[in-house]
Protein chains: 2
Amino acid sequence: MAYRQTDRVAARLAETRAGILDAARALVAEGGFAAVQMSEVARKAGVATGTLYRYFSSKEALCRELFREVSSREMGKLAEIAAGHGPASERLVEVLRTFAGRAVKGRRLAYALLAEPLDVNLAEERAFFRRTHADIFARILEDGIENGELPAIDVRIAAACIAGAIPTALIGPLAPQSHELDRNADRVVEEIVKFCLAGVGVTLTARRESNSERRTVA
Amino acid sequence: MAYRQTDRVAARLAETRAGILDAARALVAEGGFAAVQMSEVARKAGVATGTLYRYFSSKEALCRELFREVSSREMGKLAEIAAGHGPASERLVEVLRTFAGRAVKGRRLAYALLAEPLDVNLAEERAFFRRTHADIFARILEDGIENGELPAIDVRIAAACIAGAIPTALIGPLAPQSHELDRNADRVVEEIVKFCLAGVGVTLTARRESNSERRTVA
DNA sequence: CAACGCTATGAACCATGGTTCATTTCTTTT
DNA sequence: AAAAGAAATGAACCATGGTTCATAGCGTTG
């Protein structure tokens with residue numbers, strides 16, 4: 001017996017591993033998953049290319065872990081709100097606002113998670129991510145229908161519509177120009193949320209947030 | 001002077017060109033644009049790989065032309081309806097039904113056009129395609145608002161929401177299972193359309209199709 | 001500090017798939 | 001039918017980018 005990993009080493013290894021993920025995350029934030037090349041990750045993390053393979057069995061494994069890490073943060077926020085105990089329609093409004101609001105703020109990341117062309121492996125992770133979103137929406141809708149707050153509709157379908165409408169309206173080719181979004185983020189988010197709420201039969205009554213215009217743009 | 005293309009040859013060339021596009025289209029219908037490999041296209045078209053490059057300057061050029069050809073057929077249908085002279089809300093219903101209905105029937109193709117991960121070049125073509133969709137929706141909405149049929153909303157945003165909701169709810173990971181879609185296509189389409197209409201403030205009044213429920217369960 | 005084995009290295013390797021080009025085959029003209 | 005292009009061929013070529021592996025460097029133990 002001549003070697004056993006010591007705590008100090010274990011810590012250093014963990015740090016390297018984290019550093020690699022950090023580097024990859026930074027690349028995603030800059031240029032999406034398309035910008036994650038093993039050689040670049042290595043360079044950015046300050047290790048050799050080969051080293052990456054001591055921590056991750058393949059590029060796919062690295063990207064999957066990264067995707068999960070990043071996306072679970074997002075889902076966590078929404079799940080938390082969804083699990084609250086208020087009326088369903090209020091939780092719904094808040095979830096939608098949060099979803100849309102975070103997507104606008106972190107557009108780059110949101111693009112990578114929701115809209116960027118990915119290869120099939122990562123598309124699987126994304127599918128899981130989106131399904132979870134839809135589940136969150138559907139759950140709230142069910143609550144609302146059960147207790148009569150909302151009209152009865154097919155919650156799976158409505159949830160999918162919402163999960164499609166919000167990202168499409170905020171990122172990608174159908175979204176407003178980026179600088180326009182920066183200027184009007186709140187108004188745009190509010191308009192999208194309004195659409196989704198109306199879609200499930202909720203009409204937004206005036207509230208605190210609506211210092212923003214209620215004028216109906218032509 | 002020793003050669004000048006004769007009509008017969010020109011016709012044969014045109015035929016070969018069309019054959020190449022056909023082969024590529026068939027591959028798209030089977031496995032999306034991912035299945036379009038130059039060698040496969042050549043095999044299917046019954047020509048040599050090199051021959052493809054006598055007709056198309058690159059794979060990109062071939063795919064773009066194909067994308068345009070296929071997508072313009074779809075857009076044509078919608079544009080036609082949109083240009084009609086009936087009330088905006090009726091045109092809207094019909095456009096949405098047509099869009100969704102065709103997407104369900106030609107799911108494979110719809111996937112390739114709307115949802116499949118594509119590389120950047122083709123993503124440009126798709127962006128154009130989707131923008132055109134959104135324009136069609138937006139146009140009708142504007143009409144409806146102008147003449148008071150519809151409440152005033154931001155038509156660009158609503159159009160983007162619709163253009164996102166429909167494909168998401170019909171194809172990809174959030175869509176119902178394929179066999180379920182086959183069984184319930186009409187009901188699913190109707191439900192999605194209902195969501196979108198409600199989103200822009202139209203409530204579907206009972207019509208021929210609406211033997212389906214309108215009850216609002218408590 | 002010697003021996004052993006874990007960790008890191010990065011240039012070489014390999015797979016994929018688009019593109020080229022020397023050669024052959026086919027058409028047209030005289 | 002021979003000359004001169006045009007068209008077709010498909011194997012070789014090349015670019016990209018992920019993965020491997022022989023080697024060097026470090027840490028741990030006795």
Side-chain angles (χ1 to χ4, degrees), chain A residues 1-21 23-24 27-28 30-67 116-122, chain B residues 1-21 23-24 27-28 30-67 116-122:
Chain A
M1 45 225 65
Y3 188 90
R4 218 178 33 146
Q5 194 174 76
T6 197
D7 283 2
R8 215 166 55 82
V9 171
R12 183 167 51 79
L13 294 194
E15 210 172 311
T16 302
R17 200 187 141 89
I20 291 170
L21 280 169
L27 288 170
V28 170
E30 287 165 30
F33 282 94
V36 178
Q37 293 182 15
M38 294 307 260
S39 52
E40 268 304 290
V41 174
R43 209 186 48 66
K44 201 144 193 160
V47 299
T49 342
T51 303
L52 301 180
Y53 289 83
R54 294 192 57 77
Y55 293 87
F56 301 91
S57 64
S58 66
K59 181 188 179 180
E60 181 188 336
L62 167 57
C63 285
R64 276 185 183 251
E65 183 163 339
L66 184 56
F67 195 104
E116 182 189 0
L118 299 179
D119 66 86
V120 272
N121 312 308
L122 275 188
Chain B
M1 46 228 69
Y3 187 91
R4 218 176 35 142
Q5 194 175 76
T6 197
D7 282 1
R8 213 167 57 82
V9 172
R12 183 168 51 80
L13 293 195
E15 209 173 313
T16 302
R17 200 187 140 90
I20 291 170
L21 280 169
L27 288 170
V28 169
E30 287 165 30
F33 282 93
V36 178
Q37 291 183 16
M38 294 306 260
S39 52
E40 269 305 288
V41 174
R43 208 186 47 67
K44 202 144 192 159
V47 300
T49 342
T51 304
L52 301 180
Y53 289 84
R54 296 191 56 76
Y55 293 87
F56 300 92
S57 65
S58 67
K59 181 188 180 181
E60 181 189 335
L62 167 56
C63 286
R64 277 185 184 251
E65 183 163 336
L66 183 56
F67 195 105
E116 183 189 359
L118 300 179
D119 66 86
V120 273
N121 312 309
L122 275 189

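The sequence lines fix the lettering, A, B, ..., with proteins before strands; numbering per chain opens at 1. What you see is a predicted model, and the numbers here were worked out from it, not measured in a lab.
- Put simply, CD1 on A:Ile20 is 11 Å from C1' on C:dA8, counting in whole angstrom units.
- Counting any heavy atom pair closer than 4.0 Å across all strands shown, A:Arg43 reaches no nucleic acid atom.
- Taking 4.0 angstrom as the limit, A:Arg12 places a side-chain polar atom (N or O) nearer than this to OP1 or OP2 of C:dA8.
- Residue contacts for B:Tyr55: at a heavy-atom cut-off of 4.0 Å it reaches the sugar-phosphate backbone alone, with no base atom in range.
- The side chain of B:Thr49 sits closest to D:dG10 out of D:dG10, C:dT9, C:dG18.
- Among the heavy atoms of the strands, none lies under 4.0 Å from A:Leu52.
- Distances shorter than 4.0 Å separate some side-chain N or O of A:Gln5 from OP1 or OP2 on C:dT7.
- Both B:Val36 and B:Thr6 lie near DNA chain C, and the one whose nearest nucleotide falls closer to the 5' end is B:Val36.
- With rounding to whole Å, A:Arg8 atom CZ is found 14 Å from C:dT7 atom C1'.
- In this structure, of C:dT27, C:dT9, C:dG18, it is C:dT9 that holds the atom nearest to the side chain of A:Val47.
- If you check D:dT20, D:dT28, C:dG17 against the side chain of A:Val9, the one that comes closest is D:dT28.
- Distance, B:Lys59 NZ to D:dA15 P: 18 Å, rounded to whole Å.
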